[in-house]
Amino acid sequence: MRMLAATLGGSIALAMPAMAEAPTISPGHRADGLDAGEARRPSQTDTRPRFFRASAPRTVVEINAPMAAPDWALAERNLLAMNAKGAQAFVDRFVDGRGWLKGPTHWGIADGPDDAVEPIRNWPLAHMLGGPDSIIEQWRRIYEGHLDQFSQARIPQVEMAKDGIYQREFLGSFDWEHIGEGLSGYLFYGLSRPDDELYRVRMERFADFYDGDDPAAQNYDKQHRIIRSLWNGSRGPTMRLPTADEWDGPGVTGENPLRRTRFAKVTSIIGDHPLNLGATNLAMTAYMLTGKAKYRDWLLDYVNAWRDRIAQNGGNIPSNIGTNGVIGADADGKWYGGVFGWSSVDTGKRNYVLRGPPEAFGNALLLTGDQAYTQTLRSQLDNLYAQKKVENGVTKLPVYFGDQGWYGYYDVNGSSPGLSNRRLVETDIYLWSMSQGDLARLGNNGWIQFLRGRNPGYPMQALAQAIEEVRIGAERIRDDDSTIGFPPDATRWEEANAVSTTALINLTMGANDPGGSGHGPEMLQANLRYFDPVARRAGLPADVAALVSRIEPRAVTVTIVNVNPVEAHLVTVQMGAYAEHQATIVSVAGQSTDIDAPNFDVRLAPGAGATFTIGIKRYAHQPTLHLPWWQ
């Protein structure tokens, strides 16, 4: 055992070592790994931080210095608890005894299966952050019920849904805007339940739909390294033009009839599209669950093909790759052709070119640590900014490209129907690269300004807004007087999620929200993540709060506090959401010790807290969903 102590006065009491297996409860030894005498000791008698190596691989940092519970810490704990109550309110109103949502099962963009579970996609994140177990348990019950409900639903007018909207528990064939939205919560579920064997089996099956080896789902062309159609899934690619019923669903009550004409000008959906890069999330998850090289290899092969084509296209992401592997070959030779592309023919003018590439290039970065993948996305942004205009002092960027060149200019700080997630992607790029050039584009982002020491009130502002989001969601649940569950029969369903997670993800993990609607879903790229090694679960232990206050290329600063004045707590701090980073050194209260591991433990006395500066080596390990105590 190695111990380092500061000479700040007082005596050093012996500390129990962290254990590789769950601590046992015996006389004088607590389930939280603290000696019973230590737990009763007045906090002021020994306030020195202590570092030691335990019999387990992890370094242990013991904090005894008292810290008055900060307002942000109390707000975080309150929000985590409120999220559980908000989830229960949703269940009580909208979920039946089978776990089914109380509403009809529809197909299509107007109101398909993604719309049923998309509103609650962040529940697994709420649990992973430290919310009560009831959140993940209720979410799993709903998702299992959802798979059953939509697998049993038959839509005779729609070829890919006549034998069930879900087949092999996956959409038979549809676009990755909607596949991704419906799957987002299930991707996040692995952060809390990687030991769910059914989860592993499903994620391997889903990933296998896209490696070209499943005879029933020939989505991938290995020769040309493309997914063969905009529409794909468990039945394989759709290689013909969909009907109006297939796009929007047949005759949904209350639907705006104009919606059914949105795709009237579409002439082809074949060939590869940027949205399809979202399929890499399946291989990524399967790899992090199993470590099987085939998933990593397929992902990098597919992403590298796109990277090469983007470079060939001057840094612009093509919105169609022909079935022969040539840019624009199935869009009249135009790199900017294709549905949901740079000049999308649907009347919504939705340019989704930045949905799919961030997921895929972020995944490749996690696997390799190669910032060339970040540069591919940056090059696209560089091209947009090269076309900027300044009108009446307002900087505007184009969001479309057509035969006439760049068009559709919008305020760089505003919203637009195309490339609507650009600001989120810019934040991703900065957090992945920690480049000053990427930082300069973020402007007055309140969270980023806080991390730079320029917006000290931001944590409480963000948490207050999050709590208000829960209140509004709960109010909408109460006010919903429909016996159905979701639109178009009940217009408030999609806004009736009383669970808020963005502020917690930003503040506790130093991470951008991974999205799931309009922005992904991406893998969760984070600086820090937390586990309760006593309860053997993901998330901050009860009564523990954390605030990341600074992120630098080689260090991250975080305050961790135990707001419970009576009980001690043990928390595992992990570098990165998937243990992809390495902690090099940890400094607290003037003392430092080498870590050289992807995680370490912090033992907090009752009412104790401290600010840590953690040296970080980024992308040092292969990402994994394995829990820290798995050997």
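- Taking R235 as the reference, E159 meet the side chain to side chain donor-acceptor pair (under 3.5 Å) condition, with sequence neighbours excluded.
- A donor-acceptor contact closer than 3.5 angstrom links the side chains of D92 and Q88.
- A donor atom on one side chain and an acceptor atom on the other are not found under 3.5 Å apart for Q149 and Y166.
- From R228, atom CZ reaches atom OG1 of T323 across 8.5 Å, with rounding to the nearest 0.5 Å.
- Under the 3.5 Å distance criterion, the side-chain polar atoms of R307 are left unmatched by any main-chain donor or acceptor of T376.
- Considering only residues two or more places apart in sequence or on other chains, H581 meets the ring pair (Phe, Tyr, Trp, His ring centres under 6.0 Å) condition with Y619.
- Not counting sequence neighbours, S151 has no partner by the side chain to side chain donor-acceptor pair (under 3.5 Å) test.
- In this structure, the separation between CD1 on I120 and CD1 on I142 is 4.0 Å, given to the nearest 0.5 Å.
- Remark: aromatic rings of F340 and Y352 are close, center separation under 6.0 Å.
- For the pair L101 and V95, the minimum side-chain heavy-atom distance is below 4.5 Å.
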Handout entry: Audit row: L419, Q380, side chain to side chain contact (heavy atoms under 4.5 Å, CB included) steps and yes/no
Key = CA-CA 12 Å; L419 303 183; Q380 178 62 83; over 6 Å; no
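- For F361 and W306, the ring centers are positioned 6.0 Å apart or more.
- Proximity of a side-chain donor or acceptor of N122 to a complementary backbone N or O of L125 within less than 3.5 Å is not detected.
- Atom NZ of K294 sits in a crowded spot, with more than 12 heavy atoms from other residues, nucleotides or ligands closer than 6.0 Å.
- For N219 (side chain) and F209 (main-chain N/O), a donor-acceptor pair under 3.5 Å exists by modelled atom type.
- Between the side chains of W123 and N83, no donor N or O sits under 3.5 Å from an acceptor N or O.
- Under the side chain to side chain donor-acceptor pair (under 3.5 Å) criterion, R309 pairs with no residue at all, not counting sequence neighbours.
- Ring centroids of Y302 and Y210 are separated by 6.0 Å or more, keeping the two rings apart.
- Between the side chain of Q152 and the backbone N or O of G164 there is no donor-acceptor pair closer than 3.5 Å.
- With sequence neighbours excluded, the residues that form a side chain to side chain contact (heavy atoms under 4.5 Å, CB included) with A331 are N320.
- Classification of E197 and R200 as a salt-bridged pair holds, one side-chain N sitting under 4.0 Å from a carboxylate O.
- Under 4.0 Å is where a charged nitrogen must lie from a carboxylate oxygen, and between R537 and D133 at least one such pair does.
- Side chains of N599 and T572: a donor-acceptor N/O pair is absent below 3.5 angstrom, by distance only.
- When atom types are taken as modelled, the side chain of N351 and the backbone of V353 share a donor-acceptor pair closer than 3.5 angstrom.
- Under the side chain to side chain donor-acceptor pair (under 3.5 Å) criterion, H273 pairs with no residue, sequence neighbours left out.
- Atom-to-atom distance recorded for M509:CE and M128:CE is 4.5 Å, nearest 0.5 angstrom.
- The main-chain N or O of V339 is never found under 3.5 Å from a side-chain atom of S344 such that the two would form a donor-acceptor pair.
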Exercise for the section: Begin from the C-alpha positions of D96 and R98 and carry the test salt bridge (Lys or Arg N to Asp or Glu O under 4.0 Å) through to its verdict. Expected result: CA-CA 5 Å; D96 70 16; R98 300 167 293 180; 2.7 Å; yes
Problem - From CA spacing to verdict: side-chain hydrogen bond (donor to acceptor under 3.5 Å, both in side chains), T427, N512 - result: CA-CA 7 Å; T427 305; N512 201 19; 4.7 Å; no
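- A donor-acceptor contact shorter than 3.5 Å links the side chain of N276 to the backbone of S229.
- Using a cut-off of 4.0 Å between Lys/Arg side-chain N and Asp/Glu carboxylate O, K222 and D301 are scored as not salt-bridged.
- Evaluated for a side chain to side chain contact (heavy atoms under 4.5 Å, CB included) with P623, the options M523, M284, R296 yield exactly one hit, M284.
- One finds the CD atom of E204 at 6.5 Å from the CG atom of D208 (value rounded to the nearest 0.5 Å).
- Between the W342 side chain and the I317 main chain, a donor and an acceptor come within less than 3.5 Å of each other.
- Using modelled atom types, one finds a donor on one side chain and an acceptor on the other under 3.5 Å when comparing N304 with Y373.
- Residues Y336 and Y400 keep their aromatic ring centres 6.0 Å or farther apart.
- Ring to ring, Y143 and Y189 are not that close: their centroids are 6.0 angstrom or more apart.
- For the residue pair N363/T280, the side-chain donor-acceptor check at 3.5 Å is satisfied.
- Of the possible polar contacts, none joining the D513 side chain to the I505 backbone as a donor-acceptor pair under 3.5 Å is found.
- Atom OG1 of residue T285 and atom CG of residue L183 lie 9.0 Å apart, to the nearest 0.5 angstrom.
- Note on R168 versus D214: salt bridge recorded, some NZ/NE/NH1/NH2 to OD/OE distance being below 4.0 Å.
- Counting only distance, with no hydrogens or angles, the side chain of R121 and the backbone of S184 share no donor-acceptor pair below 3.5 Å.
- Taking the six-membered ring for Trp, F174 and W231 have ring centres closer than 6.0 Å.
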